**Student:** 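Here you go, one structure.
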Amino acid sequence: MKKITHFLLLFLFIAQVIYLNAQSLTTPAGGGNKKAAVTEWIGLTCVTLHYDRPGVKGREGKIWGQLVPYGFQDLGFGTSKAAPWRAGASENTTIEFSTDVKVEGKDLAAGKYGLFIALSEGEAIVIFSKNNSSWGSFFYKPDEDALRVTVKTVPLTESVERLKFEFLDQTDNAATIALMWEKLKIPFKVETDLIKTQLTSFRNELRSDKGFQSQAWVQAANFCVENNVNLPEALEWADYGISGVFIGQKNFQTLSAKANVLRKMGKTTEAEEIMKQALPLAPMNDLHQYARGLLRQKRYKDAYELFKMNYDKNPNEFTTLVGMARGYSAMGDYKTALEFAEKALVKAPDAGNKASLSDMISKLKEGKDVN
């Protein structure tokens with residue numbers, strides 16, 4: 001009898017849980033709205049918006065200031081007596097940043113936010129609320145704002161039927177996120193500190209499985225050199241790429257990375273000593289690219305000497321023939337450079353290289369430098 005009673009109690013408990021958690025079957029969003037999500041990366045920062053897309057549906061001229069009222073309104077439901085627009089339809093529009101960002105020049109911490117807008121003639125207040133889980137703005141509280149920015153609205157010449165968010169004017173560390181609907185665009189600029197986020201990413205990844213290869217340490221060190229940042233730590237990274245337990249390798253890539261850091265720090269003599277160790281270890285293509293880097297630094301004699309070293313080690317290869325053409329051209333000897341360029345043309349491996357060599361040959365015939 002006790003067993004039967006226990007079974008019945010368990011059955012009733014399960015039934016109650018199922019009832020309480022029951023949900024409607026999945027169907028398209030109601031009211032003609034469409035659910036949407038858009039994700040883009042700004043540098044290393046992932047930005048994701050979730051929103052519902054209402055349609056104009058023949059209401060041209062009745063959207064802004066009517067369907068979407070100006071300012072903060074009492075919506076007649078919920079606790080808010082001064083609610084902004086939900087920047088979409090149905091559920092909260094949300095925006096999430098994987099790292100700290102700046103919005104219109106103001107700091108905003110990484111996280112997920114409810115996105116609201118209070119519109120007026122010619123401008124809009126864009127609100128990032130710490131409350132990202134409410135339904136619409138019926139329970140909006142201004143003390144939950146993480147950030148407010150005021151932006152100019154932009155008229156559109158062509159009508160956008162369904163509300164959408166797009167990422168515009170993208171660069172390596174910034175983008176303008178724009179809400180567009182009917183004939184109005186509401187843009188706000190998001191910026192990231194690419195250097196800071198990249199260095200943070202390096203520090204984390206170098207402690208993961210990615211740090212078990214010397215090339216990862218070289219990559220991090222080279223980034224610092226290219227951007228002239230974080231040089232003391234970059235030198236530590238370069239050293240670890242050479243001598244780190246289990247992973248350290250003494251080769252051209254690791255040694256030249258250390259030399260580059262030292263040179264950027266103004267320690268030229270130390271850098272040159274390291275390069276004396278590195279150059280004999282350089283594979284043909286690496287030595288060619290290093291010499292080209294010297295050309296970009298306007299170290300023409302040093303570049304020529306390395307092109308010559310590479311050619312002596314790897315004579316009559318396409319790469320070294322091109323290198324000699326560049327080296328002699330940098331030294332102003334266009335006649336000899338032309339001879340090597342014509343030899344390289346015969347060995348060009350594909351149409352792209354043939355076109356590039358043909359262009360070099362034309363310049364050399366005109367007495368112009370090819371670098």
Side-chain angles (χ1 to χ4, degrees), residues 172 194-195 198-199 201-203 205-315 317-331 340 344 353 356 370-371:
D172 289 342
L194 180 58
I195 299 296
Q198 182 65 83
L199 291 175
S201 177
F202 283 153
R203 292 180 185 119
E205 290 188 316
L206 289 174
R207 298 193 299 174
S208 72
D209 59 329
K210 294 181 179 180
F212 285 86
Q213 52 182 335
S214 62
Q215 185 55 39
W217 299 84
V218 168
Q219 182 182 356
N222 285 341
F223 174 86
C224 295
V225 170
E226 291 165 7
N227 293 278
N228 196 23
V229 296
N230 197 48
L231 296 177
E233 189 173 20
L235 186 58
E236 294 176 8
W237 289 342
D239 273 328
Y240 201 81
I242 295 169
S243 56
V245 177
F246 299 124
I247 66 130
Q249 295 185 35
K250 195 172 184 179
N251 57 34
F252 177 76
Q253 288 79 15
T254 57
L255 290 169
S256 62
K258 181 176 181 178
N260 289 336
V261 177
L262 289 168
R263 188 175 291 108
K264 185 66 75 170
M265 296 175 78
K267 300 179 179 181
T268 307
T269 301
E270 292 180 51
E272 295 303 324
E273 288 300 314
I274 294 292
M275 284 310 301
K276 288 178 182 178
Q277 301 175 48
L279 291 173
L281 304 176
M284 178 181 68
N285 288 332
D286 287 346
L287 190 54
H288 179 80
Q289 291 303 322
Y290 187 79
R292 290 201 64 180
L294 294 179
L295 288 177
R296 289 191 290 271
Q297 297 171 38
K298 302 187 185 304
R299 295 170 59 188
Y300 301 127
K301 186 174 184 298
D302 292 338
Y304 165 77
E305 289 176 354
L306 289 190
F307 284 130
K308 181 66 166 59
M309 176 193 293
N310 208 13
Y311 181 77
D312 290 342
K313 290 172 62 177
N314 307 280
E317 295 284 347
F318 170 74
T319 298
T320 59
L321 288 167
V322 173
M324 291 301 289
R326 289 190 178 280
Y328 275 111
S329 177
M331 298 297 289
F340 279 100
N353 279 294
S356 178
V370 297
N371 299 297

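Predicted model, so just to flag it, every value in this text is computed and none were measured.
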**Student:** Rounded to the nearest 0.5 Å, how far does CH2 of W237 lie from CD of Q219?
**Tutor:**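 Those atoms lie 10.5 Å apart.
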**Student:** For the residue pair Y311 and E317, establish whether any side-chain heavy-atom pair is separated by less than 4.5 Å.
**Tutor:**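 Answer no - side chains too far apart.
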**Student:** Name all residues meeting the side chain to side chain contact (heavy atoms under 4.5 Å, CB included) criterion together with I247; count only those two or more places apart in sequence or in a different chain, and write none if there are none.
**Tutor:**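 Once residues adjacent in sequence are excluded, the partners of I247 under the side chain to side chain contact (heavy atoms under 4.5 Å, CB included) criterion are F212, W217, Y240.
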**Student:** For F318 versus A344, what's the shortest heavy-atom pair and its separation?
**Tutor:**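 Answer, listing the atom of F318 first, then A344: CD1-O, 3.4 Å.
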**Student:** Using the rule given for side-chain contact (heavy atoms from CB on, under 4.5 Å), can you reason through F202 versus C224, listing the C-alpha separation, both sets of side-chain angles and the distance that settles it, and then say yes or no?
**Tutor:** CA-CA 11 Å; F202 283 153; C224 295; 5.6 Å; no
**Student:** Consider only side-chain N and O atoms of N251 and T254, and report whether a donor and an acceptor are under 3.5 Å apart.
**Tutor:**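 On atom types as modelled, these side chains qualify, holding a pair under 3.5 Å.
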**Student:** What's the shortest heavy-atom distance between M324 and F307, and which atoms?
**Tutor:**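 That closest heavy-atom pairing would be SD-O, 3.7 Å.
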**Student:** What is the minimum heavy-atom distance between F252 and A282, and which atoms define it?
**Tutor:**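 Closest heavy-atom pair between F252 and A282: CD1-CB, 3.3 Å.
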**Student:** Please identify each residue that fulfils side chain to side chain donor-acceptor pair (under 3.5 Å) with Q289, with sequence neighbours left out.
**Tutor:**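 With sequence neighbours excluded, Q289 shows a side chain to side chain donor-acceptor pair (under 3.5 Å) to no residue whatsoever.
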**Student:** Which pair of heavy atoms, one from A303 and one from A291, lies closest together, and at what distance?
**Tutor:**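 Heavy atoms only, the tightest pair is CB-O, 3.5 Å.
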**Student:** Please give me the minimum heavy-atom distance between L231 and V261, naming the atom from each residue.
**Tutor:**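 Closest approach of L231 to V261, heavy atoms only: O-CG1, 3.7 Å.
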**Student:** Working to the nearest 0.5 angstrom, can you tell me the gap between L255 CG and I242 CD1?
**Tutor:**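 L255 atom CG to I242 atom CD1 measures 4.5 Å (nearest 0.5 Å).
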**Student:** Mind checking side chain to side chain contact (heavy atoms under 4.5 Å, CB included) for T269 and listing every partner two or more places apart, or none if nothing turns up?
**Tutor:**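 For T269, no residue satisfies side chain to side chain contact (heavy atoms under 4.5 Å, CB included) once neighbours in sequence are set aside.
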**Student:** List the atom pairs, donor and acceptor, that lie under 3.5 Å between side-chain atoms in residues 273-280 and the rest of the protein, sequence neighbours left out.
**Tutor:**
{"from": "E273", "atom 1": "OE2", "to": "K276", "atom 2": "NZ", "distance (Å)": "3.4"}
{"from": "Q277", "atom 1": "OE1", "to": "K250", "atom 2": "NZ", "distance (Å)": "3.4"}

**Student:** How close do S214 and G241 get, heavy atom to heavy atom, and via which atoms?
**Tutor:**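 Heavy atoms only, the tightest pair is CB-O, 3.5 Å.
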**Student:** Quick one, K258 and L235 - any side-chain contact, counting heavy atoms below 4.5 Å?
**Tutor:**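 Yes, at least one pair of side-chain atoms sits under 4.5 Å.
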**Student:** Taking only residues two or more places apart in sequence or in another chain, which ones pass side chain to side chain contact (heavy atoms under 4.5 Å, CB included) with Q213?
**Tutor:**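 Counting only residues at least two positions away or on another chain, Q213 forms a side chain to side chain contact (heavy atoms under 4.5 Å, CB included) with A216.
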**Student:** In sequence, state the C-alpha distance, the side-chain angles, and the governing distance for N314 and N310, and then conclude on side-chain contact (heavy atoms from CB on, under 4.5 Å).
**Tutor:** CA-CA 6 Å; N314 307 280; N310 208 13; 3.2 Å; yes
**Student:** How about D172: does its CG atom have over 12 heavy atoms from other parts shown lying under 6.0 Å from it?
**Tutor:**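 It does not: D172 CG has 12 such atoms or fewer within range.
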**Student:** Kindly compute the distance separating CE (M331) from NZ (K308), expressed to the nearest 0.5 Å.
**Tutor:**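 Atom-to-atom, M331:CE and K308:NZ are 13.0 Å apart.
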**Student:** I need the L199 CG to N227 CG distance, nearest 0.5 Å.
**Tutor:**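 Going from the CG atom of L199 to the CG atom of N227 covers 8.5 Å.
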**Student:** Any chance you could lay out the side-chain contact (heavy atoms from CB on, under 4.5 Å) test for N371 and S329, step after step, and finish with the verdict?
**Tutor:** CA-CA 7 Å; N371 299 297; S329 177; 4.0 Å; yes
**Student:** Could you state the interatomic distance from CG (L294) to CZ (R299), rounded to the nearest 0.5 Å?
**Tutor:**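 Rounded to the nearest 0.5 Å, the CG-CZ separation comes out at 5.0 Å.
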**Student:** Nearest 0.5 Å please: distance from the CD atom of Q253 over to the CG atom of D286.
**Tutor:**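 Interatomic distance, Q253 CD to D286 CG, rounded to 0.5 Å: 4.5 Å.
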**Student:** Quick one: salt bridge (charged side-chain N to carboxylate O under 4.0 Å, His left out) pairs with a partner in residues 219-237, sequence neighbours left out?
**Tutor:**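 Qualifying pairs: R203-E233.
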**Student:** Donor-acceptor pair, distance only, cut-off 3.5 Å: does the side chain of S208 make one with the backbone of E205?
**Tutor:**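 Present.
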**Student:** Given side-chain contact (heavy atoms from CB on, under 4.5 Å), test Q215 with V218 step by step and report yes or no.
**Tutor:** CA-CA 5 Å; Q215 185 55 39; V218 168; 3.9 Å; yes
